[in-house]
Structures are given as C-alpha cells and as structure tokens.
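Every heavy atom of this structure was used, including side-chain atoms; hydrogens, water molecules and symmetry mates were not. To find a chain, count down the sequence lines: A is the first, B the second, and so on, and within it residues start at 1.
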Amino acid sequence: MYDYLTTRSLAHCNSLQGNTPMSAEKWTYPKYLGQRIKSARMNLGLSQDELADAVGLPRPAISQIENGKRAVDSMELMAFSRVLRQPLSFFLDLPDENSMEEPLAVLYRAEDIAEDDRPLVDDFVALSRDYATLERLLELDGGKVLPNLSAPIRTKWDAIITGEKGAADLRANLSLGLAPLTDLDRILERAGVKLLFRPRPGSGVWGFSVTSKEFGQGIFVNTYCALERQRFTLAHELGHLVMDGMHRASVFTEKQATESFDDGDTVLSEVRANAFAAAFLMPEIAVKDAIAKLAIDPEIENRITPPVVKYLCDQFGVSCDAMLWRLLNLKVISRERRQSLSVMRVSERSSNVVPRSFELPERYRTLAFEAYMQSKISIGKLADYLRTDLYEARKLVKEYHLPQLAA
Amino acid sequence: MAVPLLPHNVVISDATVLINFLNSGAFQLLLEVFAGRLHITDLVRSEVIHNDRDLQIAIDEHKVEVHKISLEEIQHLVKSFSNFDEGEASCFKLAKEKNWRVATDDGAAKALVRRELGNLYVVTTFDILLEAVDLGFLTKDQARQLIEDMASKADFQYSNQEFGGFIERLSIK
C-alpha cells in the first residue's frame with residue numbers, strides 16, 4: 001500500500017483508515033477554530049502573551065480559545081485574522097476529514113513533521129489553495145505538472161543511477177542546458193510548481209512536497225538554513241515530484257539527509273532524490289568543465305584544494321558538503337580526500353545563514369494583483385491573498401500603479 | 001437641506017469609502033451628506049484600524065449604525081462571496097436584503113452591486129463629493145482638492161476614466 005510513499009516515516013504511518021489525529025478526535029468547531037488560531041500564531045512565532053496583547057484579550061482567554069473552551073465572537077475573529085495575517089476563511093473552512101484528499105492527509109500525518117511544525121502544513125495548504133484559486137480566476141492552466149520520470153528501483157545503485165538520469169532528463173525537458181541554475185525558484189514556478197518559503201527556526205524539517213489533485217504540485221522550503229541548503233532541499237523535493245511515480249507527499253529532514261550522505265539506513269527514494277538533486281544542481285559535465293577552466297587536471301586529486309571547492313560551490317550555488325559528495329561520486333576525489341577537505345573547510349561552515357523574511361511567491365503575488373486589476377477580486381480580497389490588511393493592500397496597489405479597471 | 005435625488009436613501013458603506021474620508025480628515029462631511037442614513041457592519045468596522053476616532057465617536061453618537069454579523073453568517077459569506085472579503089460581502093448581503101445602496105470604490109464590488117441590484121445602487125466617493133457640492137457643503141475646488149488629499153493620505157486609487165467622469169460632472173454643476 002505504501003510503496004509510493006516517499007519517506008520512511010510516512011511508510012511507518014498508520015493505515016489511512018486507522019487511528020489518526022484527523023479522525024481520532026471529533027473536530028468540533030470551537031476546537032478546530034482554536035487549533036487554527038494556535039497554528040497561525042505559531043507560524044508567526046508569537047507567544048500567547050504577545051497574541052493576547054495584539055488582539056486586546058487577556059492571556060488566559062487565548063489559552064481557552066486555543067483549547068476550544070471559549071467561544072469567539074465575530075469582532076474577536078476579525079482581530080485574530082488581522083493580527084495573525086490570515087484571511088477569515090483560514091479559520092472558518094471546516095475540514096472534512098472524509099473528503100480531505102489522500103496526499104494532504106498523508107502530509108498531515110507524517111511522523112517527521114513534529115506537532116510544532118504542523119502549522120507549516122496548514123499555511124502551505126492554505127496558500128496553495130489560494131494559489132490555485134487565483135489560477136482558476138485568471139483562467140490559467142493550474143493543473144500543469146512536471147513530467148513523470150519514475151523508474152523502478154531495487155537497489156541503492158538503481159536509485160543513484162535513476163536519480164542522475166532523471167535530473168538530466170528534466171534539465172532537457174525544461175530546456176535548462178547544463179549551466180548552473182541561478183534562479184531555480186523561478187524555473188519551478190514557471191513549470192507550475194507552487195513554492196512556499198518560510199523560516200522555521202529550530203525545526204528539523206528542511207522541506208516537504210505534495211502532489212495534490214486540488215492544487216497541483218507544491219514544495220515547502222524551510223528558509224532558516226543557508227541558501228545553499230535551501231536550494232538543495234528544493235532540488236531534492238523536486239526529485240520526489242518527478243521521480244516518485246505516484247507521488248503524494250514527502251518530507252525532507254536533517255536526519256534523513258545526514259543518514260543518506262553517511263550511508264546510513266536510508267529509504268531508496270530518499271537516495272534517489274538526493275542523487276537527483278546533486279545531478280540537477282551539479283551536472284557532471286558542467287562540474288568537470290568548471291574544474292578544467294581552472295587549468296586543473298581532475299585526475300590529480302590533490303589539485304582539488306579548499307579554494308577550488310569554494311569556487312565550485314559559488315559557481316553552482318551549493319554547500320561544500322554537497323559539492324564534496326558530488327566530487328566523490330564523480331570520482332574526482334577519493335573518500336579520504338573528501339574527508340580531509342571536509343575538515344579543512346571547517347572555518348567557512350555556518351557562514352551564510354540568511355533566513356528569508358515572510359514572503360509570498362513572486363508569481364502568486366503577481367496573480368493576485370492581476371486578479372485585482374481585472375476586477376475579479378476586491379481590494380479586501382487582495383489584502384487576504386497578500387496576507388495583509390486593507391491599508392497595506394491600498395498602499396501596494398498605489399506603489400505598483402495599479403488603478404483598478406473602471407467597472 | 002436638499003433631499004438627495006437618488007432613489008434609496010439608506011447607504012451601507014464598505015471600508016474603502018470610510019478610509020478615504022477618515023484619512024483625509026473629511027469624515028464629518030460624509031456624515032453630513034448622509035445625515036443619519038449611514039450604516040456599516042461590524043466586520044467593516046473592524047477593518048478600519050487607523051484614524052478611526054471620528055468613526056467611533058459617530059457610532060457612539062448613533063450617527064452611524066453598526067449591524068452585527070454572526071459567526072454563522074460570516075461562514076456563509078465566506079462560502080458565497082469567495083472573491084470578496086467578509087466586510088465587503090456583509091455590505092452587499094445587507095444591501096440586498098434591505099434594498100439599500102452600497103457605498104464602495106472597489107471595482108469588483110461595484111460590478112457586483114450593479115449586476116445584482118442595479119446601477120443606481122452604487123455610490124462612490126466621487127458620487128458623495130458631487131452630492132456634497134450639490135448640497136452646498138463643498139465648493140467645486142474643495143471637492144477637487146479633497147480627491148487629491150484622499151489620493152495622498154488614504155492611498156485612494158482611481159482610473160483616469162473615473163477621474164475624468166468626476167471632473168466632467170463637476171463642471172456642469
């Protein structure tokens with residue numbers, strides 16, 4: 001049943017019909033509302049005290065509301081909506097566990113997503129739904145999906161070979177050539193993948209992806225990591241989307257990545273996704289060309305020095321770890337050389353952790369403005385889509401010189 | 001005071017018009033033009049979060065009537081008016097139920113009201129200023145100046161076509 005689930009933890013999930021958080025509890029409205037408020041609060045990293053101050057309620061009231069033990073009136077709900085930067089629909093759309101499509105149910109139940117990280121899934125699903133709604137409103141092809149490049153794998157070697165081949169095939173399919181990909185976000189957005197970037201300090205989740213009938217394919221990336229890590233996560237989840245066949249949902253965690261790189265007990269699909277990501281970001285020919293351009297003979301491994309590795313990392317936008325593994329797999333360096341280089345470049349570790357701010361995907365924002373321009377949505381709805389208030393939406397409309405077409 | 005010629009006297013306003021008048025310091029003018037016939041919903045009230053002192057005073061003095069929308073109604077609005085926020089949707093719902101006019105500057109809202117209720121049910125900031133000129137509360141120059149104030153202080157955005165129509169109507173008054 002789970003042969004197409006893509007992480008070990010998902011494979012360990014209870015049966016879809018079994019005892020799950022979604023079905024075990026009766027989702028009464030106050031309780032559901034409380035969970036949504038808590039979810040949105042946690043996404044913004046607010047404490048109950050901070051939320052209480054912002055909405056003008058005592059802190060115990062917030063606790064009661066989040067536990068479903070206190071009702072909320074319409075004015076309070078509006079205040080929560082404003083402070084927590086979520087449209088009212090986020091709090092009011094009652095989930096129907098019976099009709100929730102399987103990929104989302106799987107994602108919600110993934111063991112790798114800790115309780116504290118579940119709000120990310122809420123946020124991701126809500127944004128992806130809004131994204132799909134905007135595409136429908138503008139009569140765009142929202143159902144566009146990446147090609148299915150799956151192939152059977154039985155061994156780790158199969159996983160590596162098919163991952164590398166998939167990466168080459170996808171580059172060809174998207175006409176990307178062999179050059180380093182400087183704007184992977186945009187390439188994927190153009191290909192119809194819905195992306196969500198959010199900083200999530202302290203979380204072991206680097207990213208996850210889902211293939212949904214409702215909104216298509218989407219990837220979440222934790223931006224509380226170095227940019228290189230974010231790019232690798234994006235490419236890794238992309239690997240799942242195109243290579244897992246009947247992909248539904250997958251989660252990429254720090255733990256999995258460490259095991260996969262260190263030859264631990266890994267699921268083959270994770271090995272394949274890593275091989276895919278490495279080959280997609282660092283095509284063999286391009287890496288060897290880059291080395292050759294430095295007048296270095298790739299056959300002489302001692303010529304691969306820390307500055308060379310650093311240069312290659314900068315060229316391909318990947319971490320030193322990822323580049324060293326790639327050089328090892330391409331047989332440019334030996335295992336021992338990888339180890340020594342890994343030690344030599346310790347000083348430049350943890351250099352560039354640049355968490356992105358709370359930002360919406362560029363294409364999503366453009367679609368929202370376009371829908372407003374065409375009078376398909378109101379200014380208030382534009383504010384909802386942009387997760388802001390009416391004043392900020394008016395300011396943005398003015399800033400972008402977007403007078404609404406006269407109705 | 002002259003009686004407005006428009007067919008339905010009671011007006012329910014969304015936040016777009018309120019923000020224009022509040023942020024440009026002209027809220028009293030809005031109250032004078034509508035003279036006790038201005039209604040809003042509590043959802044709209046909660047959307048107005050800046051420069052709202054005058055609005056609250058008007059509510060406390062019953063110059064503006066606030067209609068409470070229940071959570072159940074909000075849920076219904078969310079489903080029924082998915083391209084509008086709940087403030088705008090609640091205005092439209094009340095206007096339809098009570099046969100009131102809707103004060104709004106939003107293009108999508110105007111289109112909805114025109115389609116569902118008719119052209120005369122839409123009242124924009126431009127209409128209100130023209131009515132204020134008619135009623136003798138404003139000179140033409142003051143009306144023109146107020147539009148500029150609303151653009152700079154309230155981020156009021158309008159198309160050239162709308163502004164052109166306003167100037168044309170103003171010139172024949």
#### Entry: Gap separating the CD atom of B/Glu72 from the OG atom of A/Ser74, nearest 0.5 angstrom
10.0 Å
### Task
Would you confirm whether A/Tyr372, through its side chain, and B/Ala108, through its main-chain N or O, come within 3.5 Å as a donor-acceptor pair?
no
#### Entry: Flag side-chain contact, heavy atom, 4.5 Å: B/Phe84 against A/Ile377
no
### Query
Is there any residue in residues 139-156 of chain B with a non-hydrogen atom under 4.5 Å from a non-hydrogen atom of chain A, and which ones are they?
B/Ala151, B/Ser152, B/Ala154, B/Asp155, B/Phe156
### Task
Would you check if there is a donor-acceptor pair between the side chains of A/Arg394 and B/Asn20 at a distance under 3.5 Å?
yes
### Message
I'd like to check B/Val48 versus A/Tyr391 (side-chain heavy atoms, cut-off strictly below 4.5 Å). Are they in contact?
### Response
yes
### Query
Given the options A/Thr133, A/Leu382, A/Leu137, which has more heavy-atom pairs under 4.5 Å with chain B than any of the others?
A/Leu137
### Atom group of B/Leu77 that falls short of 4.5 Å from chain A, counting heavy atoms
neither
### Summary
dist B/Glu86:CD -> A/Asp384:CG (nearest 0.5 Å) comes out at 5.5 Å
## Note on the structure
If one checks every heavy atom of B/Asp14 against chain A at 4.5 Å, the contacting part turns out to be neither
### Task
Find the distance between CE (A/Met75) and NZ (B/Lys68) and round it off to the nearest 0.5 Å.
7.5 Å
### Query
Is chain A contacted by the side chain of B/Thr104, its backbone, both, or neither, given a heavy-atom distance below 4.5 Å?
neither
### Task
For atom CD of A/Glu115, decide whether the heavy atoms of other residues, nucleotides or ligands shown that lie under 6.0 angstrom number more than 12.
no
### Message
Ignoring hydrogens, what is the shortest heavy-atom contact between A/Lys376 and B/Asn83? Give both atom names and the distance.
### Response
O-CB, 3.3 Å
### Message
Quick check: do B/Glu88 and A/Ile379 have side-chain heavy atoms less than 4.5 Å from each other?
### Response
yes
### Task
For residues B/Leu71 and A/Asp73, determine if any side-chain heavy atom of one lies less than 4.5 Å from a side-chain heavy atom of the other.
no
### Message
How close do B/Ser46 and A/Met78 get, counting heavy atoms only, and between which atoms?
### Response
OG-CE, 3.0 Å
### Query
What's the verdict on side-chain contact (heavy atoms from CB on, under 4.5 Å) for A/Phe90 and B/Val78, showing C-alpha distance, side-chain angles and the deciding distance?
CA-CA 10 Å; A/Phe90 178 82; B/Val78 165; over 6 Å; no
### Task
Sort B/Ile69 into side chain, backbone, both or neither according to what part of it lies under 4.5 angstrom from a heavy atom of chain A.
backbone
### Query
Any idea which of B/Ala89, B/Ser70, B/Ser82 has the most non-hydrogen atom pairs under 4.5 angstrom with chain A?
B/Ser82
### Query
How long is the span from the CD1 atom in B/Ile49 to the CG atom in A/Asp389, to the nearest 0.5 Å?
4.5 Å
### Query
Roughly how far, to the nearest 0.5 Å, is CG of A/Leu390 from NE2 of B/His50?
10.0 Å
### Query
Does any donor atom in the side chain of A/Ser378 or B/Asp85 lie under 3.5 Å from an acceptor atom in the other side chain?
no
